Number of protein chains: 2
Amino acid sequence: MTVGIRDVARAAGVSTATVSRALGKGPVSDALREQVEAAVRATGYRPNLSARRLRSQSAQTIGLIVADIRNPFFTAVSRAVEDAAYQAGMRLILCNTGEDAEREALYLRLMQEERVTGVVFAPTRRTAERLRPEDFAFPLVLIDRTGPPGGHDGVVLDNVAAGAALVDHLVERGYRRIAGLFGSTSSTAEERRDGYVAAMRRHGLAPQIRTVPPEADPAQAEVARWLAEPDRPDALILSNGLILMGAVRAARAAGLPWPGGIALAGFDNEPWTELVEPGLTVIEQPVAEIGAQAIGLLFDRLKHPGQPVRKVVLSGRLIARGSTAGR
Amino acid sequence: MTVGIRDVARAAGVSTATVSRALGKGPVSDALREQVEAAVRATGYRPNLSARRLRSQSAQTIGLIVADIRNPFFTAVSRAVEDAAYQAGMRLILCNTGEDAEREALYLRLMQEERVTGVVFAPTRRTAERLRPEDFAFPLVLIDRTGPPGGHDGVVLDNVAAGAALVDHLVERGYRRIAGLFGSTSSTAEERRDGYVAAMRRHGLAPQIRTVPPEADPAQAEVARWLAEPDRPDALILSNGLILMGAVRAARAAGLPWPGGIALAGFDNEPWTELVEPGLTVIEQPVAEIGAQAIGLLFDRLKHPGQPVRKVVLSGRLIARGSTAGR
DNA sequence: AAGGATCCTGAAAACGTTTTCATAGGCGGC
DNA sequence: GCCGCCTATGAAAACGTTTTCAGGATCCTT
């Protein structure tokens, strides 16, 4: 039926141990190695990874659990993670949770059952809080979102500074009634909100905050409502790319051009933010760097399990475009 | 160390066979089933999937191999595939080839070694041509791209019709110098080009064709060059979303507004195509349907291995926006 | 009441590898 | 020339499950 290592061994006239060693890194004479390789070609042998993993107790696999791969931030990060992982000869399992705590738990359990080498995870706030290192047999690196201090290694943006930077930018351009719409499920959105609030206070301005599920449609609905109110803000800060898109749609629908009708500033420098005339002001996240750092932390942790927990904080970059040109 | 099924068996006072049956679907008395469940909770047992797959010879896993997850078409399709797969209790392995034949071969080999249940694959033209069903122990369903007739099940867009529809639309709006820029790696782009050429001939117009790697940057460069030529076209058809984005950038950079300076029409109804004023005319692909159909074909094939090869052809939908409003 | 059928359970084999352990052979040092 | 060491190889154990096989209990039928 299916050709196994025994068939190769028989074809090569050696033992299965020799075949295994010839294909791996064991010590085998050149003559036998060639015999084995010929036999592999002749039989069309493909090793069974399940058997290999079972016996060697090493999955050579890392798991990546994100909220939604359709969010360009996560697709970009996941490409970086994937590239780094395959570079290191590891396979990748990618999972989407849709910001749902139940599915997060499901996938974490799956990772345990797969006996993965490590996991990179962007948890919801709720899950992040109850994440205990001792529950996992593998290193867990958090990205984008953060957990309680000292829990897991992680790489995040300096969200507080980024939130404040947007406020400073808008104030400098002459806006005063600056409101913020933030995602409801992540610690990231909370931090951006904190930065927004602190900066507003510093400027002696009154923060105005609302919260939505971090998707385009709910954001659009909320912004539409907001813009219809009598004392609507004249500038809006949006806590991620999907919410920003919702806001753009709502502003269009309300017939409010930017920057005159409403100023918009958000997160994630996605390609389209530049194409929407006259361009959207955003904080760009170093997505490739985030992915690469996450894998780096993971491998470091594997090598030095006892090492103290590390958190890498990266800075965003403000890209000023027409949407905040001034009033 | 790590808790196995034997530990659970010992804790529950039963045999490992009973534990296995209690956790699976075997016949076990209610009393023992509860004992086992209690023991599982007490020990924190997690089954080892490698062992399970090895013994049961069933991976319950499907592979998804696409060109680039950053292409929104593929992210949308992959979400649909993932949802359908998990619905059916299957895990998903996602791989990016970057349109590289070598990596395609690598991942196909990986799928064999994983002994996956089935694979959904968007191959490059080159790989599609040499894809032979007898080389694979699992069903292979092609999406977006198609192989030689009779080879594998597949689900594709009616690309010829879609390419022609764009021409018809542009002609109707008064354009005559209609050119086409197509991806160089997929059969899909070829079919769209064929549709374009046929429709142009039908209208008595001369086709103008160029080809680029299906990414934004090469497309932008090519379009920039094209638009700088003396007898530049007055309408451009772009064979996918990334190429369309490159063309948009190039048109912007050249100071050519649409639809006056240059008319643009492309594929993939991505959110941003609506936001780029006055909107881009596109052929919308039924992405969710494509993913769902692919999984459907896969399961059908598993159930009826001898069944004749099926190809599902779905229709695109023309969404006319401002970019082709007429001259 | 006996016989068979049905159901639940445990012992042990099996899945396809890698790894351990033992051995044979070659080689250098005394 | 013998002894010990090192290297390449093979036999067999081990990885953690599921599944087969067989046995014993229970139940129904006659």
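Chain naming here is simple, since letters A, B, ... match the order of the sequence lines and numbering starts at 1 in each. What you see is a predicted model; the values in this text were computed from it and never measured.
Atom CG in A:D30 sits roughly 13 Å away from atom C1' in D:dT7 (whole-Å rounding). The separation between A:I5 atom CD1 and D:dA12 atom C1' is 14 Å, rounded to whole Å. Protein atom CD of A:E34 is 16 Å distant from nucleotide atom P of D:dA8, rounded to whole Å. Taking atom CZ of residue B:R115 and atom C1' of nucleotide C:dG16, one finds them 9 Å apart after rounding to whole Å. Atoms CD (B:Q112) and P (C:dG16) sit 16 Å apart, rounded to a whole Å. Between the CG atom of A:L49 and the P atom of C:dG16 there is a distance of 14 Å, given to the nearest Å. Atom CG of B:N48 and atom P of C:dC15 are 18 Å apart (whole Å). Rounded to whole angstrom, the span from the CZ atom of A:R53 across to the P atom of C:dC15 amounts to 20 Å.
Taking the charged nitrogens against the carboxylate oxygens, B:R53 and A:E114 do have a contact shorter than 4.0 Å, which makes a salt bridge. One finds a salt bridge joining B:D7 and B:R10 here, because a Lys/Arg side-chain nitrogen approaches an Asp/Glu carboxylate oxygen to under 4.0 Å. Salt-bridge annotation for B:D153 and B:R301: present, with a side-chain N of the basic residue lying under 4.0 Å from a carboxylate O of the acidic one.
Using a 3.5 Å distance cut-off with no hydrogens or angles, the side chains of B:T18 and B:S15 do pair a donor with an acceptor. For the residue pair A:T124 and A:E99, no side-chain donor N or O sits within less than 3.5 Å of a side-chain acceptor on the partner. A donor atom on one side chain and an acceptor atom on the other are found under 3.5 Å apart for A:N96 and B:E82.
Taking for each of A:K25 and B:L32 the nucleotide of DNA chain C with the nearest heavy atom, the 5'-most of the two is the partner of B:L32.
Applying the 4.0 Å criterion to OP1 and OP2 of D:dT18, one finds that B:R52 has a side-chain N or O inside that range. Between B:T18 and C:dG10, a side-chain N or O to OP1/OP2 separation shorter than 4.0 Å is present. In this model, the phosphate group of C:dT18 is not approached by any side-chain N or O of A:S56 to a distance below 4.0 Å at OP1 or OP2. Contact between the side-chain N/O atoms of A:Q57 and the OP1/OP2 oxygens of C:dT19 is not found at any separation under 4.0 Å. OP1 and OP2 of C:dC7 both lie 4.0 Å or more from every side-chain N or O belonging to B:S29.
Side-chain N/O atoms of B:R55 and base N/O atoms of D:dT18 include a donor-acceptor pair closer than 3.5 Å. The base of C:dG10 lies close enough to the side chain of B:R21 for a donor and an acceptor atom to sit less than 3.5 Å apart.
In this structure, A:Q112 and A:D135 approach most closely via the heavy-atom pair OE1-O, 3.2 Å.
If you check every strand for non-hydrogen atoms under 4.0 Å, B:R46 touches sugar and phosphate atoms only.
Nearest nucleotide to the B:A17 side chain, out of C:dA12, C:dT17, D:dA12: C:dA12. Listed candidates were D:dG10, C:dT17, C:dT9. Nearest to the side chain of B:V28 is C:dT9.
Each end of the helix from C:dA1-D:dT30 to C:dC30-D:dG1 gets its own axis, taken as the rotation carrying the C1' atoms of four end pairs onto the next four within a five-pair window, and the two axes meet at 40° to the nearest 10 degrees.
In this structure, A:I295 and A:M90 have side chains that are not in contact, with every pair of non-hydrogen atoms separated by 4.5 Å or more.
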